[in-house]
Amino acid sequence: MGGCFISDQSPEHPMKTLIVYFTRTGNTRKIVDELQAGLAADVEMITEEGSRRGPLGWLKSGRQGARKADVDIQPIESDPSRYELVVLASPVWAGNVSAPMRAFIKRYRDSLPETAVFLTHDSPDVAQAFADVDDLLGGEPLARGDADGKTIKDGGHLEAVKVFLEKIGA
């Protein structure tokens, strides 16, 4: 991860990008929609068995986040190694990256090219969640971005997305 890569990125030759995300409430999907528009990227949603809906789903998710639990996810269709950049978008659960994103990174870590990470959350401090992702990736991503749930619901996330896209050179 990290490292240097050379791209002939320009309007005629955009960086080949894949966005991989997980969402429980839809907040992360709102971010992904904006990122996809700004990057002309392919998108893959992480899927798993079972439900995370309602209060029980919220409790289950928080418990798994706090424990840094492993969960079973379905394989994605795209091969991450065929991209120049993979953007990882995930909610934060109990101060850590979501369990499905944790499982994705563990499964695909060796085939990930350069990465960038965007987190959605309801906490004022996401430093622990970014450190969690760095640890899983084995290094720092090219760029980090985040937005809280209230900002997303109010539409204020567009500025955070714009800054994130600038960091990755889009």
Side-chain angles (χ1 to χ4, degrees), residues 1-3 5 16-33 35-36 39 41-149 152 157 160-161 164 168:
M1 270 26 62
F5 71 102
K16 189 171 179 185
T17 303
L18 173 66
I19 301 170
V20 178
Y21 78 99
F22 182 80
T23 191
R24 191 183 81 79
T25 64
N27 281 342
T28 304
R29 180 62 207 206
K30 289 178 184 175
I31 298 296
V32 168
D33 290 344
L35 292 174
Q36 183 181 24
L39 295 168
D42 295 335
V43 175
E44 290 265 2
M45 184 173 92
I46 300 169
T47 59
E48 60 179 343
E49 296 295 324
S51 173
R52 293 186 180 276
R53 293 181 186 257
L56 291 179
W58 180 81
L59 288 171
K60 173 184 173 182
S61 299
R63 185 175 62 248
Q64 288 178 340
R67 293 182 179 166
K68 296 184 178 184
D70 286 329
V71 297
D72 291 326
I73 60 169
Q74 303 299 316
I76 62 171
E77 292 183 20
S78 302
D79 176 357
S81 69
R82 300 188 73 164
Y83 292 84
E84 294 175 84
L85 176 69
V86 174
V87 176
L88 306 172
S90 173
V92 174
W93 293 347
N96 295 303
V97 70
S98 69
M101 181 57 73
R102 173 180 303 286
F104 173 84
I105 295 171
K106 285 182 173 182
R107 177 181 287 180
Y108 293 97
R109 174 179 32 229
D110 293 338
S111 62
L112 292 175
E114 189 74 64
T115 58
V117 178
F118 200 103
L119 300 177
T120 59
H121 56 88
D122 285 324
S123 169
D125 182 15
V126 295
Q128 172 55 44
F130 281 120
D132 185 32
V133 174
D134 292 355
D135 186 50
L136 288 164
L137 290 171
E140 292 186 18
L142 173 66
R144 294 181 179 128
D146 71 280
D148 65 68
I152 295 168
H157 63 286
V161 169
F164 180 77
I168 59 177

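Note that the structure is predicted; figures quoted are calculated from it, not measured. Just so you know, these numbers use all the heavy atoms, side chains as well, and skip hydrogens, waters and symmetry mates.
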Side chain proximity check, V20 to I46, heavy atoms < 4.5 angstrom: yes
Minimum-distance pair of heavy atoms, taken over all atoms of A147 and I31: CB-CD1, 4.2 Å
Which residues share a salt bridge (Lys or Arg N to Asp or Glu O under 4.0 Å) with D42, sequence neighbours left out: none
Exercise: do E44 and S78 side chains pair donor with acceptor under 3.5 Å: yes
Rounded distance [0.5 Å steps], CD in E77 versus CD in Q74: 11.5 Å
Backbone N/O of K16 and side chain of E84: donor-acceptor pair under 3.5 Å: yes
Verdict with reasoning, I73 to R107, per side-chain contact (heavy atoms from CB on, under 4.5 Å): CA-CA 9 Å; I73 60 169; R107 177 181 287 180; 4.0 Å; yes
For residues 92-101, please give each side-chain donor-acceptor pair under 3.5 Å, one per line with the distance, not counting sequence neighbours.
from, atom 1, to, atom 2, distance (Å)
N96, OD1, Q128, NE2, 3.3
N96, ND2, G65, O, 3.0
S98, OG, S90, OG, 2.8
S98, OG, M101, N, 3.4

Closest non-hydrogen atom pair between V86 and P113, with its separation: CG2-CD, 3.6 Å
For A143, side-chain contact (heavy atoms from CB on, under 4.5 Å) partners two or more places apart: A116, F164, K167, I168
Verdict with reasoning, T120 to D146, per side-chain contact (heavy atoms from CB on, under 4.5 Å): CA-CA 6 Å; T120 59; D146 71 280; over 6 Å; no
Pairs flagged by side chain to side chain donor-acceptor pair (under 3.5 Å) wherever residues 18-27 is involved - sequence neighbours left out: Y21-R29
Considering all heavy atoms, the nearest F104-I76 contact: CE1-CD1, 3.6 Å
Test log, rule side-chain contact (heavy atoms from CB on, under 4.5 Å), inputs V87 and T17: CA-CA 7 Å; V87 176; T17 303; 4.0 Å; yes
D72 atom CG, neighbour heavy-atom count above 12 within 6.0 Å: no
Enclosure of R67 CZ (heavy-atom neighbours >12, cutoff 6.0 Å): no
Atom pair CG/CG of L88 and L136 - distance to nearest 0.5 Å: 10.0 Å
Salt bridge (Lys or Arg N to Asp or Glu O under 4.0 Å) involving D132 - partner list, sequence neighbours excluded: K68, R102
Contacts of D134 that satisfy salt bridge (Lys or Arg N to Asp or Glu O under 4.0 Å) - sequence neighbours left out: R144
Where R52 and Q64 come nearest, the two heavy atoms and their spacing: NH2-OE1, 2.5 Å
Heavy-atom pair of closest approach, residues K30 and I152: CD-CG2, 3.6 Å
Audit row: K106, D70, side-chain contact (heavy atoms from CB on, under 4.5 Å) steps and yes/no: CA-CA 9 Å; K106 285 182 173 182; D70 286 329; 2.7 Å; yes
4.5 Å side-chain heavy-atom contact, F130 and L119: yes
Atom pair CD1 (I105) and CG (L137), whose distance is rounded to the nearest 0.5 Å: 4.5 Å
Note, Y83 side chain near E114 side chain (heavy atom, < 4.5 Å): no
Distance-minimising heavy-atom pair for P80 and Y108: CG-CD2, 4.0 Å
